[in-house]
Engineer: 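Submitted below is the structure of interest, expressed as structure tokens.
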Amino acid sequence: MLDLKGIKIGIIGLGYVGLPLAVELGKKYEVIGFDINKSRVRQLVSGHDYTLEVSDEQLRTAKHLEFSSNIEDIKLCNLYIVTVPTPIDENNAPDLRPLENSSKMLASCINHGDIVIYESTVYPGATEEVCIPIIEKYSGLQYNKDFYAGYSPERINPGDKVNTLTKILKITSGSTPEVAEFIDQLYGSIITAGTHKASSIKVAEAAKVIENTQRDLNIAVINEFAKIFNKLNIDTEEVLNAAGTKWNFLKFKPGLVGGHCISVDPYYLTHKAQEVGYRPEVILAGRRINDGMGEYVATQLVKKLSSKKIHIDEAKVLILGFTFKGDCPDVRNTKIIDIVTELKDFNMSVDIYDGWADPSEVLQEYGIELINELKENYYDGIVIAVDHSQFKEMGAETIRKLGKQLHVLYDVKHVLPKEESDLRL
């Protein structure tokens, strides 16, 4: 069995999850951060992280961290941590190909006594039912005899500079009691908030997937409240503020639910539930509500434009913000695209402005060209879709100058005071 003094760690995947982990571990242990994206590796070698999860100074503090896109460089490692994405396909079914490909790749690297830890969010059982058999098949090694495994779900919150990796309690687990204890000690050596050692890999997998599912459902019910209150001409924020004066009222806000986790992970749980013969009702209902919010926002805007006698066909609309959350460059699974698609279906002209988003990434992933300059007196409709600090600082007067004399301002994220917008979610 390994001990902490003799480990050499390979981190597979250097995105929002893998890089912060590699940096923290690289302060204490020999670490090689591996990613198949060569341009990503070149950027990190140059000392900069475009996701802004890790500062240039933090990269410099990881004295024992190296980066590579060459698989040969990680073959001398004896502990591997997999942090690749776990997306869904067009049918909302789990897409495990990144995990499967990573497991197959590791099969060519792993040796007797090595440990593989998975951090990617999956349904309960995926690690030992999908990933481990691939390693066994292509390596010829036997699980829990020749090599071992663990699962420690990521809890990274992109863009959050307060609740960072070391300050978030870490769930750990291992394929044997001894391995579980070793993995717990490893994470415990860098996580100041402490660890929670789960009784099994399946328990750890399940704990992670319900964290985001619960949050998804909490937002879904608030979104449904917002739809009801809009019908009743009641301001949703005022209702939530009033209800929030009770100590046990959960203070969630309405909005678009996108990103890499909350809008994806519930489908992993419902997939597994249906596989074992249970048809989830509440979880899928919440998903339907949240997945429909982009269309709802677009429809509300169209109705308001029509009520002001603004011609819908070929109307010009400005969307302020495209990332999935405020003050963060992450555009993965952003639901702003749903607003854009719906408005274009009404034959509207849509411009999108977002100083946080990478224009080349948006173009590659969504086929959309961001504008880099704002035009005054130009738009029939303006939608504040993301609560970036920049939009808060601009204020209503500056934002309204972008619209024609007669226009509609829709504040989806409650960036402005209630009286400053024509519509709010």
Engineer: How far does OG of S421 sit from CG of L416, to the nearest 0.5 angstrom?
Structural biologist: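 Between S421 OG and L416 CG, I get 6.0 Å after rounding to 0.5 Å.
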Engineer: Counting distance only, does the side-chain N/O of Y123 pair as donor-acceptor with the main-chain N or O of V209 below 3.5 Å?
Structural biologist: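 It does not hold such a pair.
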Engineer: Would you mind telling me which of L186, I11, V82 makes a side-chain contact (heavy atoms from CB on, under 4.5 Å) with I117?
Structural biologist: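 Exactly one pass, corresponding to L186.
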Engineer: Report yes if the side chains of I371 and I352 come closer than 4.5 Å at any heavy-atom pair, otherwise no.
Structural biologist: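 The answer is no, as the side chains (C-beta and beyond) never meet within the 4.5 Å cut-off.
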Engineer: Inspect the contact between K202 and E128 and indicate whether a charged nitrogen and a carboxylate oxygen are less than 4.0 angstrom apart.
Structural biologist: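 Salt bridge absent between E128 and K202.
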Engineer: Using a 4.5 Å cut-off on heavy atoms from C-beta on, say whether the side chain of P254 contacts that of L240.
Structural biologist: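 Answer yes - side chains close enough.
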Engineer: For a 4.5 angstrom cut-off between non-hydrogen side-chain atoms, does I168 reach R155?
Structural biologist: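 Side-chain contact under 4.5 Å: yes.
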Engineer: Measure from the side-chain N and O atoms of T192 to the backbone N and O of T166, and report whether any donor-acceptor pair falls under 3.5 Å.
Structural biologist: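 Here the side-chain-to-backbone pair exists.
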Engineer: Taking it one step at a time, do S68 and N70 satisfy side-chain hydrogen bond (donor to acceptor under 3.5 Å, both in side chains)?
Structural biologist: CA-CA 5 Å; S68 177; N70 184 351; 5.5 Å; no
Engineer: Is there a donor-acceptor pair closer than 3.5 Å between any side-chain N or O of N333 and the backbone N or O of G259?
Structural biologist: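 Yes, the answer is positive, given that a donor and an acceptor are paired below the 3.5 Å cut-off.
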Engineer: Sort out for me which residue in Q43, Q58, R40 forms a side chain to side chain donor-acceptor pair (under 3.5 Å) with D49.
Structural biologist: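 For D49, the side chain to side chain donor-acceptor pair (under 3.5 Å) check succeeds only for R40.
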Engineer: Does some side-chain heavy atom of V203 sit less than 4.5 Å from a side-chain heavy atom of S200?
Structural biologist: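 They are in side-chain contact.
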Engineer: Should T334 and Y366 count as side-chain neighbours, where that means a heavy-atom distance under 4.5 Å?
Structural biologist: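 Side chain of T334 against side chain of Y366, heavy atoms only: contact under 4.5 Å found.
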Engineer: Taking atom types as modelled, find out whether E205 and T127 have a side-chain donor-acceptor pair closer than 3.5 angstrom.
Structural biologist: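 Result is yes, a qualifying pair exists.
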Engineer: Distance only, no hydrogens: is a donor on one side chain within 3.5 Å (strictly under) of an acceptor on the other, for D216 and N290?
Structural biologist: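 Distance-only check passes for D216 and N290.
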Engineer: Whether K325 and D330 form a salt bridge (side-chain N of Lys/Arg under 4.0 Å from carboxylate O of Asp/Glu) is what I want to check.
Structural biologist: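 No, D330 and K325 are not salt-bridged.
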Engineer: Any side-chain donor-acceptor pair under 3.5 Å between D358 and S360?
Structural biologist: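 Side chains of D358 and S360: pair found under 3.5 Å.
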Engineer: Check whether any side-chain heavy atom of I88 sits under 4.5 Å from a side-chain heavy atom of D95, and report yes or no.
Structural biologist: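 SC-SC contact between I88 and D95 ruled out.
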Engineer: Start with the C-alpha distance between H271 and Y268, add both sets of side-chain angles, then the distance that settles ring pair (Phe, Tyr, Trp, His ring centres under 6.0 Å), and finish with yes or no.
Structural biologist: CA-CA 5 Å; H271 168 84; Y268 273 74; 7.7 Å; no
Engineer: Are K272 and E129 close enough that some pair of their side-chain heavy atoms sits under 4.5 Å apart?
Structural biologist: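 Side chain of K272 against side chain of E129, heavy atoms only: contact under 4.5 Å found.
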Engineer: Spell out, as yes or no, whether a donor-acceptor pair under 3.5 Å connects the side chain of T398 to the backbone of G395.
Structural biologist: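 The answer is no, because no donor-acceptor pair under 3.5 Å joins these two groups.
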Engineer: Would you call E238 and K418 a salt bridge, taking side-chain N to carboxylate O under 4.0 Å as the test?
Structural biologist: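 Salt bridge between E238 and K418, a charged N being under 4.0 Å from a carboxylate O: yes.
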Engineer: Using a strict 4.0 Å threshold on nitrogen-to-oxygen distance, state whether E119 and K170 make a salt bridge.
Structural biologist: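 Counted as a salt bridge, because a side-chain N and a carboxylate O are separated by less than 4.0 Å.
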Engineer: Between K316 and Y378, is NZ or CZ placed under 6.0 angstrom from the six-membered ring centre and within 45° of the ring axis?
Structural biologist: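 Yes, a cation-pi geometry.
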Engineer: Say whether T172 and D184, considering side chains only, have a donor N or O and an acceptor N or O under 3.5 Å apart.
Structural biologist: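 Their side chains do contain a donor-acceptor pair, which is all the 3.5 Å distance test asks for.
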Engineer: Between E224 and R288, is there a salt bridge with N-O shorter than 4.0 Å?
Structural biologist: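 Between E224 and R288 there is no salt bridge, as every charged N stays at least 4.0 Å from the carboxylate O atoms.
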Engineer: I'd like to know if the side chain of S175 pairs up with that of N144 as donor and acceptor (distance under 3.5 Å, no hydrogens or angles considered).
Structural biologist: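 S175 vs N144: donor-acceptor pair found between side chains.
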Engineer: When you compare the side chains of E24 and Y187, does any donor N or O come within less than 3.5 Å of an acceptor on the partner?
Structural biologist: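 Checked: E24/Y187 side chains show no N/O donor-acceptor pair below 3.5 Å.
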Engineer: Just checking, any donor-acceptor pair under 3.5 angstrom between side chains of D338 and Y296?
Structural biologist: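 No, no side-chain donor-acceptor contact under 3.5 Å.
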Engineer: When you measure from the side chain of S120 to the backbone N and O of V84, does any donor-acceptor pair fall under 3.5 Å?
Structural biologist: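 Yes, because the side chain of S120 sits within donor-acceptor range (under 3.5 Å) of the backbone of V84.
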Engineer: Would you call E100 and R97 a salt bridge, using N to O less than 4.0 angstrom?
Structural biologist: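 Not counted as a salt bridge, because no side-chain N and carboxylate O are separated by less than 4.0 Å.
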Engineer: Test side-chain hydrogen bond (donor to acceptor under 3.5 Å, both in side chains) on S103 and Y118; report intermediate values, then the result.
Structural biologist: CA-CA 10 Å; S103 299; Y118 290 88; 2.8 Å; yes
Engineer: Charged N to carboxylate O under 4.0 angstrom, D265 versus R215?
Structural biologist: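 No, no charged N to carboxylate O under 4.0 Å.
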Engineer: Kindly write out the residues that satisfy ring-ring contact (aromatic ring centres under 6.0 Å, His included) with F147, not counting sequence neighbours, or none if the list is empty.
Structural biologist: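 ring-ring contact (aromatic ring centres under 6.0 Å, His included) check on F147 returns Y143.
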Engineer: Which pairs with one or both residues in residues 16-63 pass ring pair (Phe, Tyr, Trp, His ring centres under 6.0 Å), sequence neighbours excluded?
Structural biologist: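 Qualifying pairs: none.
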Engineer: May I ask you to decide if I12's main-chain N or O and T83's side chain share a donor-acceptor pair within less than 3.5 Å?
Structural biologist: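 Side chain of T83 to backbone of I12: a pair is present.
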